Amino acid sequence: MEACFEVEGQSGHFKCDQDLWSANSGGDSNAIILPEKKRNKKKGKSQVHELLKTKKNPKLTKSQKRKLKKIEEEKEKARLLSESIETLEKYKIQEDAYSLMWSSRNLGQVETVRERRRRVVQFSKVGLAVPHQPFKRKAAVCEIELDSDANHSVQELVENEFQQPVTADREVIASLPIPFGSSEGLVCSSGLGTVDEFGATLPVEEFTNKNSDTYMQEDSQDSPPTWRRINRSTDQADECPEMHISNTTNLADCPPQRVLFAPVVVHVSRPKELENKRKDLPIVMMEQEIMEAINENITVIICGETGCGKTTQVPQFLYEAGFGSGQSSVRRGIIGVTQPRRVAVLATAKRVAFELGFRLGKEVGFQVRHDRRIGDSCSIKFMTDGILLREVQSDFLLKKYSIIILDEAHERSLNTDILIGMLSRVIQQRQIIYDEQQHKIISGDRISPESMISPLKLVLMSATLRVEDFVSGTRIFRSPPPVIEVPTRQYPVTIHFSKRTEIVDYIGQAYKKVLSIHKRLPTGGILVFVTGQREVEYLCRLLRKASKELVEKSSNRNMEKEVSKASAGNAIEEYDMNEVNEAFEMHGNSHHDQTDRFSSYDEDLGDFDDNESDFSDDLGTDSDLEGIDDADLLNEETETNNDLSEVFGEGSLVSLKAAFEVLAGKTTSNPHSDEKQIVPSSPKGCSSQSIPCVEEKRNGANGLCAGAMCVLPLYAMLPASAQLRVFEEIKEGERLVVVATNVAETSLTIPGIKYVVDTGREKVKNYNSSNGMETYEIQWISKASAAQRAGRAGRTGPGHCYRLYSSSVFNNIFLDFSSAEISKIPVDGVVLLMKSIGVHKVISFSW
Ligand SMILES: Nc1ncnc2c1ncn2[C@@H]1O[C@H](COP(=O)(O)OP(=O)(O)OP(=O)(O)O)[C@@H](O)[C@H]1O
C-alpha cells in the first residue's frame with residue numbers, strides 16, 4: 001500500500017504493507033511513517049518480521065505466562081508419572097517374591113550353602129534369577145583366570161565366609177548388582193564402615209579349618225549386643241571346600257588391592273534419653289565423614305572443639321563399624337585409646353562403657369599404672385600413653401590392636417611424641433607385612449591364623465593441635481593424613497578477662513573470684529585451675545573455711561529472722577512481703593534487671609571469640625567480675641539503691657514499703673522496728689532489703705544467701721578413688737568447687753561445672769643446660785591450654801570462663817602452643833628411654 005502525505009508544506013509518500021497495517025489496526029495507529037528516501041529497507045523488513053512473530057506469539061501478560069508454565073509443568077508431571085507407573089509395572093515382582101527379600105538387619109550374616117540352595121529353589125519357583133555373585137567379576141578385574149572348578153570353589157567360599165574379603169577394584173564393584181538382601185554380595189558403599197582400604201583375605205587355613213569358629217551378632221536391636229559362637233563343624237564342615245586356586249600365574253603380580261567387605265554394623269542400644277543427648281553432639285553429625293576418612297586412610301587427624309564429642313564418640317563410631325568386635329577379620333583387634341592422664345582414662349572409660357551399655361572392665365576396659373580392668377572380650381581399651389609405650393616395647397607391631405587413637409595429641413609430652421614417632425613406623429611395618437601375606441596367600445601359601453597381620457590404623461585427636469607438625473613434610477607420616485575439623489561445640493562458653501593481671505597473689509585472686517561467683521551467680525559448679533598440689537590444698541582449705549563461715553552466717557540470719565518474725569505481733573506474711581519486694585524490684589532493682597545485668601555478660605561477650613572480648617576489654621568494657629569481693633558487692637548494691645533514691649526521692653523507699661504494708665492491711669504497730677527487722681541496714685547505711693531476695697532467686701536452690709560449697713581437690717598424686725570423687729553427686733543445695741592442677745585441663749567432663757576460674761599458670765619442669773639442673777617453674781600457660789581450660793565449662797550446659805589475667809597478657813605473652821616436653825628435658829634421658837624401647841638409631845627417629 002502506498003500513500004501520499006503533505007505536512008507543513010513538505011510532501012512525500014510512504015509505503016506500508018497491508019499486514020503492517022492490519023497488525024496495528026487494533027492499536028493506537030502508531031504506524032511507522034518514514035520518508036521514502038530515509039527508509040531503511042533492512043530495518044523495515046526486520047520490524048515487519050518481529051511484528052509477524054508477535055502476531056504468531058501474541059504477547060502474554062505475566063499471569064498468563066505463569067498459568068501457561070503451570071499447565072506445562074502439570075503436563076510434564078503427568079507424563080513422568082505415567083512413565084514411572086509403566087516402568088514399575090514392567091519390573092514388578094510377584095507377590096511371593098517379597099518373602100525372599102531380606103531385611104537390611106541381616107546384612108553381614110552367614111548364609112550356608114544349604115540355605116543358599118534353598119534360596120535358589122525359591123527364586124526359581126517365582127521365576128527369578130538368583131542374584132548374581134560378584135566374585136567372578138572381581139577376579140576378572142584382577143585379570144586372574146580361574147578354572148571353572150576353582151571358580152566354583154572360591155564362589156562357595158565366599159558364600160560360606162560371610163566376612164571373606166575379596167580383592168577387587170572399587171569402581172567396578174560399585175557398579176555390580178547387590179544381591180537380594182544378602183550380605184555375601186560385597187557391598188561397596190562410601191557409607192559407614194563398608195569399605196576398607198586394606199585387603200585382608202582370610203588365611204587359607206581359616207577357610208579349610210572345619211572347626212573354625214566365627215562370631216555372629218545376635219539379631220537384636222533392643223538389647224545390648226551379645227555374641228554367639230557358631231561352630232562351623234556341624235553345618236558347613238562338608239560343604240566348605242578347600243581354597244583351591246589354579247592358574248594363579250598373574251596373581252602374584254597383581255598388587256594387593258582394595259578389598260571390599262560385607263558391611264559390619266554392630267548394633268548398640270543406648271537409653272533413649274542418652275541417644276537423644278548424643279544426637280546433639282556436633283561430632284555425631286560428622287560420623288559418616290569421619291568413618292569414611294578412617295576407612296580410606298591409615299592415619300587421620302580429628303580436630304574438634306572441646307566438648308564436641310571426640311573422646312567419647314569416636315571409639316563408639318569405630319565399635320559400631322566393627323572395630324574390636326571380632327566380626328571383621330581386619331578389624332578384629334582392640335580399639336586402643338590413649339590419654340595423657342590417669343584420671344582422664346578412668347573417667348572416659350567409665351563414660352563410654354555407660355553410653356554403650358556395657359560394664360566397665362568387660363567390653364570397655366582401662367589400664368593405668370597401678371590399675372587394670374580389662375575383660376577377655378575387651379573391644380575398647382583406654383590407657384595412658386605410658387602404658388601403650390610399654391606395650392610397644394614388648395610387641396612392636398601391637399598385634400592385638402586394629403586401631404589406635406591418640407587423644408589430646410596436642411600435649412606434646414615426651415610419651416606422646418615418642419608414641420607418634422613409633423606408631424608411624426608400626427603402621428608402615430604392619431602394612432608391609434600385611435601386603436606380603438596377601439601375596440603369599442594369593443600365590444597359594446599357607447599362613448597360620450596366629451601369624452596373620454591386619455593393618456593398623458592411627459587416629460590423632462585434639463581440640464588444639466598444631467596440625468602443620470603432622471601434615472607438613474613426610475618425616476612422620478609418608479603421606480599427609482587428612483584432617484577432619486569439627487568446628488562447633490555443643491554449648492557456648494563465655495570468656496571473661498580481668499582488667500588487671502595479679503602477678504604474685506593469683507591464689508588470692510582465685511579465692512576472691514570463687515567466692516564472688518558463689519555469692520552472686522546462679523547454681524553451677526566451679527572449677528579452678530592452679531599450678532600444683534600445694535596450691536590446690538591451700539586453696540581448698542581457704543574455701544572450706546569460707547564455706548563454713550557462710551553457712552554459719554546464713555543460719556544466724558535465718559535464726560534472727562525467725563526471732564523477729566515471732567516477736568512482731570502482726571508480722572507481715574512472707575507471701576505478702578514477697579509481693580511487696582517484687583513491686584520494688586519492678587523499679588530498677590528487679591530480678592529481671594539483675595538477670596539482665598548478668599546476662600549482659602553473655603550478650604557482650606557470648607558470641608565473641610577471645611579477640612573480640614579483648615576488644616571489649618581494651619575499650620574498658622571489661623565484663624569481668626574482677627575484684628568483686630564483698631566490699632564490691634556492697635558498693636554495687638549501694639549504687640543500685642542510689643539509683644532508686646534518685647527515682648523515688650530520699651527516704652521514699654522505706655515510706656513506700658510502709659505504704660504497701662498499710663495497703664495490705666498489715667501495718668505494724670511500730671514501722672521503725674519493722675524496718676529494722678525486715679530492712680536491716682547495711683554497714684554503709686543503705687537499706688537493701690530486696691538484695692538478699694534477688695540473690696535467693698539467682699542462686700536458685702542455693703537458698704537465701706550462698707550456701708555451702710563442696711570443695712574437692714584434683715591433682716595427679718591424689719589416689720584414684722579421691723580423684724573420682726569429683727564425678728560423684730553432691731548434696732542438694734551445695735555448690736561443687738573443684739580445685740585442680742592441669743590434670744583437669746583435657747578430656748574431662750565434670751558434670752555440672754559451669755564456671756571455670758583460670759589462673760593462667762602451670763608448673764613446668766625446665767632444664768638448665770648450663771648447670772645441668774632440672775627445676776620446676778611456674779609459668780604462663782599457652783593459648784591452647786587456656787582454650788582447653790575454658791572448654792571444661794559448657795559441657796553439660798552453657799558456661800563461663802573467668803581468666804585471672806588481662807587480654808593483653810593473653811595476646812602478647814601467651815605462646816600459641818606449649819613447647820614439646822622433649823625440648824625441656826636432658827637429652828641423655830630421652831636417648832636412654834628410646835634405646836630401652838628398642839629404637840637404636842635415635843638420630844633417625846621421626847619426631
Ligand atoms: N561424665 C559425663 N557426664 C555427662 N555428660 C558427659 C560426660 N562425659 C561426656 N559428656 C558429654 O559428652 C560431651 C562430649 O564429651 P567428650 O569428652 O567426648 O568431648 P571432647 O570433644 O573429647 O572434648 P575434649 O576435647 O575437651 O576432650 C560433653 O560435652 C558432655 O556433654
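Small disclaimer: the values here were computed from a predicted structure and weren't measured. Indexing begins at 1, ligand by ligand and atom by atom, following the structure's order.
One option in E305, Q490, R795 has a heavy atom closer to atom 24 (P) of ligand 1 than any other, and that option is R795. When the heavy atoms of D407, T311, L748, T306 are ranked by distance to atom 22 (O) of ligand 1, first place goes to T311.
If you look at E408 next to ligand 1, the close heavy atoms, those under 4.0 Å, all belong to the side chain.
Both the sub-6.0 Å distance and the 45° axial angle are not jointly satisfied by R412 relative to the ring of F817.
T746 and R341 form a side-chain donor-acceptor contact under 3.5 Å, judged by distance and modelled atom types alone. Remark: the E355 side chain and the Q313 side chain contain an N/O donor-acceptor pair separated by less than 3.5 Å. Looking at Y715 and E535, their side chains never bring a donor and an acceptor atom within 3.5 Å of each other.
Geometrically, ligand 1 and P751 share no nitrogen or oxygen pair separated by less than 3.5 Å. Among the atoms of G309, some N or O lies under 3.5 angstrom from an N or O of ligand 1. In terms of polar-atom proximity, L281 is not counted as a contact of ligand 1, lacking any N or O under 3.5 Å from an N or O of the ligand.
From the protein, the heavy atom lying nearest to atom 25 (O) of ligand 1 is K310 NZ, 2.7 Å. With respect to atom 23 (O) of ligand 1, the closest heavy atom belonging to the protein is G307 N, 2.9 Å. Scanning all protein heavy atoms for the shortest distance to atom 18 (O) of ligand 1 gives T312 OG1, 2.6 Å. For atom 3 (N) of ligand 1, the nearest non-hydrogen atom of the protein is R351 NH1, 3.3 Å. Looking only at protein heavy atoms, the nearest one to atom 9 (C) of ligand 1 is T749 OG1, 3.4 Å. Protein heavy atom at the shortest distance from atom 26 (O) of ligand 1 is R792 NH2, 2.6 Å.
Screening residues 784-802 for salt bridge (Lys or Arg N to Asp or Glu O under 4.0 Å), with sequence neighbours left out, gives E745-R789, D758-R789.
The closest approach between a heavy atom of G304 and any atom of ligand 1 is not below 4.0 Å.
In this structure, the side chain to side chain contact (heavy atoms under 4.5 Å, CB included) partners of K400, at least two apart in sequence or on a different chain, are I334, K381, E391.
Tested against T416 for a side chain to side chain contact (heavy atoms under 4.5 Å, CB included), the candidates I420, L419, I418 yield a single pass: I420.
Note: W780 and F814 have tilted aromatic rings, judged against thresholds of 30 and 60 degrees for the angle between ring planes.
No side-chain donor-acceptor contact under 3.5 Å links S325 to the backbone of E320.
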